[in-house]
Amino acid sequence: MRIWRITLRLLGQDWRSGELYLLAAALILTVAAITAVGFFADRVETAMARQGGELIAADLALESATPLPAEYRERAERLGLATAEIIEFRTIVMGSDGPQLVQAKAVDSAYPLRGRLKVSDGFATPEREMDAGPDSGELWVESRLLRLLGGEPGALLGLGESRLPARAILTYEPDRAGALFAQAPRVMLNRSDLTATGLIGPASRAEHRLLVAGDAAVVERFKRVIGPGLPVNIRLLDGAGGRPELASAVERASRFLHLATLSTLLVAGAAIALASRRFVERQTDAVAVMRCLGAPNHVLMRVFMLRLVLFGLIASLFGCLLGWLGQLGLTRLLADWFTLDLPSPSLAPILIGLATGLVALLGFALPPLLQLAQISPLRALRRDLGAPRGSAVLTVLGAGAAMALLILWQAQDLQLAWKLILGVAGAVASLVITVLLLVRLAGGMAGRVRGVWRLGLAALARRPAGAVLQIAGLGIGILALLLLTLVRVDLLRSWQESLPAGAPNHFLINIQPQDVEPLANFLRDSGLRADTDDAAIYPMIRGRLVRINDRAVEPSDFADPRAERLASREFNLSHGLALQDDNRILDGAWWSSADAPAQFSVEEGIAETLGIGLGDEIAFLVSGREIAAPVTSLRAVQWDSFNVNFFVIASPVLLGREPATYITSVYIADEREALIPELVRRFPSVTLLDVDALLTQVRQVVDRGVLAVEYVFLFTLAAGLLVMYAGIQASLEERRLEHGILRTLGTGRRALLTSLAVEFTAAGILAGALASVFAQLTGWLLAEQLFGLTFQLNPLIWVIGVLGSGVLIGVAGTLATYPLVVRPPLRTLREAA
Amino acid sequence: MSGRDLLSISKAVGLGKHVNGPAGGLTILERLDLEIQAGEAVAILGASGSGKSTLLGLLAGLDSASIGEVWLCGHRLDALDEDGRAALRNGRVGFVFQNFQLLPTLTARENVLLPLELSGIRDAASRADEALEQVGLTQRASHYPRQLSGGEQQRVAIARAYAPRPVVLFADEPTGNLDQVTGEHIIDLLLDLRAQSGAALVLVTHDPRLAERCDRRLYMRAGRLETDA
């Protein structure tokens with residue numbers, strides 16, 4: 001009880017005296033950034049997953065080649081989830097011009113659970129959104145089916161034993177994405193009409209899908225309940241793996257957000273380190289007096305620990321509150337950007353925020369606090385004893401362990417976390433060594449200059465440990481500002497530019513070999529693609545993966561549903577001589593000549609999913625013949641470029657002689673859409689796919705992501721300013737007496753102020769130069785290694801870093817220490833005595 | 001322990017203190033013997049650097065001796081660790097410092113309360129108020145040290161030292177930071193409270209007026225106790 005009483009009294013007095021303001025600000029900022037992103041990411045990720053869910057028109061889908069047992073639907077409905085059932089199959093539609101192979105989809109009245117359908121009433125009429133599929137007794141069809149059949153909207157079409165009118169033109173299905181490259185035109189009908197068509201019997205070849213949607217937690221619970229016992233013939237699908245283009249953009253947005261949070265954590269961590277060091281140092285006298293008065297060490301330590309934990313909890317709670325308000329602002333800012341209402345955030349970010357605050361505070365403050373236990377009570381009598389020299393190893397270990405733990409926790413990616421931990425450790429070590437060398441250099445220079453310059457430079461060299469802390473702190477603050485500029489200006493722009501205004505919005509598939517050259521000419525002549533030549537029209541050969549080394553590939557061998565799906569379907573293979581611009585070799589080498597030996601290049605994601613490594617021999621069944629070759633390179637593909645890309649590409653020798661159709665992508669602006677009928681007329685076998693909707697969806701994700709990242713970086717900016725303030729404050733205590741003595745010895749105010757300006761400007765230039773180096777290095781690492789973007793050296797960083805930092809720190813430091821210069825020296829000396 | 005020892009509050013036998021500095025070994029105290037009785041007021045005088053404060057620190061158990069024995073309240077200090085010595089001081093020993101050593105973030109009353117609460121004394125609040133009344137600072141109880149004059153700060157420090165009712169009070173230059181008039185008031189207060197409480201008083205001072213009013217005066221010169229008058 002008495003411990004609590006003493007603790008609360010000391011804590012209250014600490015707060016009233018302003019001792020804890022800096023530490024509280026640093027801690028509140030850290031926790032606010034973590035929780036704001038936590039709350040926001042919680043909501044956005046759920047919303048994005050739902051938007052991703054649009055790609056399957058649900059949050060979750062069960063897919064099977066045979067009718068799904070009713071128990072799954074019943075279970076989902078018992079949990080309060082919405083359900084819908086669809087059946088997809090290939091069939092023939094009879095029109096006035098004859099039969100046409102189509103991909104039919106029978107949907108019930110609840111479909112779609114996520115997203116909306118779009119239809120138009122005629123070929124040239126505007127489209128409208130629909131919440132549900134066709135009513136009983138009507139069909140919705142793709143326009144190209146009517147064109148192929150020579151019919152008009154309203155035409156009667158034969159579907160099995162039924163004849164139904166094509167009431168509307170189907171222009172958009174949210175869950176069409178997976179079947180984007182299906183060549184047959186699509187037809188949608190009401191499920192209640194299916195029996196009458198007589199098309200689906202017990203042995204019919206069809207895909208049955210149960211769609212499920214609802215509260216994310218309940219969907220997750222449903223997934224957990226049914227997942228483990230799911231028979232091998234039933235696949236579980238969620239939106240995440242829907243389309244690589246969207247998944248890639250969402251993943252980047254998520255990485256940027258986490259990067260922004262991590263940078264706030266790192267920068268605010270430096271502020272916490274500086275502020276907690278100052279706080280603990282100021283406790284030295286109090287501890288010595290209390291030890292004199294007979295306070296046992298364990299009691300003092302309990303009081304200090306309790307004080308620290310209580311303070312940490314209170315500050316972290318404020319941080320959580322600020323974080324919650326922060327995400328509210330962000331959500332309001334972005335309200336119009338989301339097609340869905342953002343779900344409520346969970347409470348998990350509060351717990352994460354509190355834990356982060358405590359880990360950060362204890363990690364930085366506990367080691368120096370424990371060193372207080374070594375303070376001799378004799379210090380109360382003899383101040384010349386000074387504070388105990390703490391174990392640097394203990395301090396570094398404590399702070400390092402806390403940061404490593406928080407990075408591991410926040411990065412949510414083990415590989416990224418380790419890279420960051422090693423990067424931060426390396427950066428801090430090189431920062432300390434460089435600052436020590438530079439401080440020594442400044443000390444050497446001080447001997448060669450005179451007057452205020454000597455005073456200013458000598459001040460840096462006089463306190464090497466203090467200077468290291470101060471310049472490192474200032475450097476980290478400047479680094480935060482530079483990174484903000486770099487990420488905001490360069491990386492985010494690169495990201496947006498990776499999806500330029502003219503990104504392809506139409507795919508042209510099923511191009512016959514004899515049409516390749518005329519089509520390239522048409523595209524070039526019509527100005528659709530200035531750069532189009534034969535090489536931009538890619539061959540496409542379908543093949544099923546049958547073997548990896550000596551192991552035959554069976555879908556059931558793969559536990560991962562995506563791998564199972566990939567193994568059961570045919571791949572679109574291609575071959576070519578040149579590596580596409582949006583492809584990057586991660587491992588191995590690309591072939592350089594047309595007669596290079598037979599080999600494959602595989603996309604990294606699919607290689608990982610299927611367990612294919614560099615050097616493995618893989619075999620595809622193409623036109624009934626097994627074609628095998630070693631994998632000689634693994635590629636990263638920028639899927640969100642919307643260019644034509646392939647998971648597997650072969651060297652020309654391997655697939656060059658196989659019969660192929662061709663594919664390309666092209667941007668057709670709204671005002672050029674009149675060219676489409678001409679294109680269809682000139683090349684009747686070519687199928688034109690409009691991916692504008694998907695492109696818009698990806699672009700929205702990118703734009704939202706950029707805005708969100710910029711917002712979160714405001715926390716980093718605030719943390720950067722705070723760490724700079726802490727850096728300047730760090731030396732004020734030591735300066736107080738020094739200035740008193742110098743003033744007493746007759747140093748004028750102007751000379752003292754000039755020496756301060758010299759010292760702080762020199763510190764700012766040193767910190768700025770170091771920060772510029774690390775900012776460029778970090779920018780390069782982030783761009784090239786993490787985001788797959790091209791990095792360019794930015795000279796502006798050096799200008800801002802070195803000159804800006806020199807001026808900013810010089811002015812801010814001089815202004816901050818100005819009160820020390822103008823206060824009467826007698827007062828300073830009396831207080832020191 | 002003899003009957004005479006029971007009256008002994010503090011005792012040093014063959015006490016020495018050596019330190020190793022950059023210029024080699026340095027002897028601060030050289031084999032001195034000393035005994036302070038209960039209720040006795042002893043002044044330790046000497047030039048700067050003669051070892052007065054070191055002796056005070058050793059007698060109070062704030063530092064460890066290089067050789068010899070130190071006894072405090074019947075306990076041999078060199079047999080105790082730092083926590084043991086702190087526990088021994090707790091409630092039995094009071095301190096008054098030259099630079100007052102009040103905690104700047106606590107009010108006068110809270111400064112006086114602190115050692116009482118650290119000792120777990122039940123009526124800490126009333127004792128603190130009583131101590132402040134004794135030093136005439138009841139009206140200034142809620143003031144912070146920075147709001148008090150030097151003399152007032154030293155009176156708070158004296159209230160803090162006497163509030164736990166110690167058996168011995170160590171004072172290091174208690175008037176060293178005060179003007180003459182204020183210093184005399186502080187001397188009166190220290191000795192009055194000593195008389196009322198019956199606690200022994202061991203003080204290090206340069207002030208001959210203060211030394212004159214003590215029962216005994218010890219002179220330190222180059223680490224030796226030359227006179228025990």
Chemist: Check step by step if side-chain hydrogen bond (donor to acceptor under 3.5 Å, both in side chains) holds for B:D129 and B:S126.
Modeler: CA-CA 5 Å; B:D129 293 337; B:S126 60; over 6 Å; no

Chemist: If we define contacts as heavy-atom pairs under 4.5 Å, which of B:Q98, B:R92, B:E82 has the most with chain A?
Modeler: B:E82

Chemist: Report, as yes or no, whether the 6.0 Å neighbourhood of atom NE2 on B:H185 holds more than 12 heavy atoms from other residues, nucleotides or ligands.
Modeler: no

Chemist: If only side-chain N and O atoms count, and only distance matters, is there a donor-acceptor pair under 3.5 Å linking B:H18 with B:T27?
Modeler: yes

Chemist: Examine the side chains of B:Q134 and B:R155 and answer whether a donor and an acceptor come within less than 3.5 Å of each other.
Modeler: no

Chemist: Examine whether an atom of B:L103 lies under 4.5 Å from a heavy atom of chain A, and if so say whether it belongs to the side chain, the backbone or both; otherwise answer neither.
Modeler: side chain

Chemist: Relative to chain A, which segment of B:Y144 carries a heavy atom at a distance below 4.5 Å: side chain, backbone, both, or neither?
Modeler: side chain

Chemist: Could you walk me through whether B:K17 and B:D63 pass salt bridge (Lys or Arg N to Asp or Glu O under 4.0 Å), step by step?
Modeler: CA-CA 10 Å; B:K17 178 75 179 174; B:D63 197 6; 3.4 Å; yes

Chemist: Identify which part of B:L102 has an atom lying under 4.5 Å from any heavy atom of chain A, answering side chain, backbone, both or neither.
Modeler: neither

Chemist: So which part of B:R85 gets closer than 4.5 Å to some heavy atom of chain A, the side chain, the backbone, both or neither?
Modeler: neither

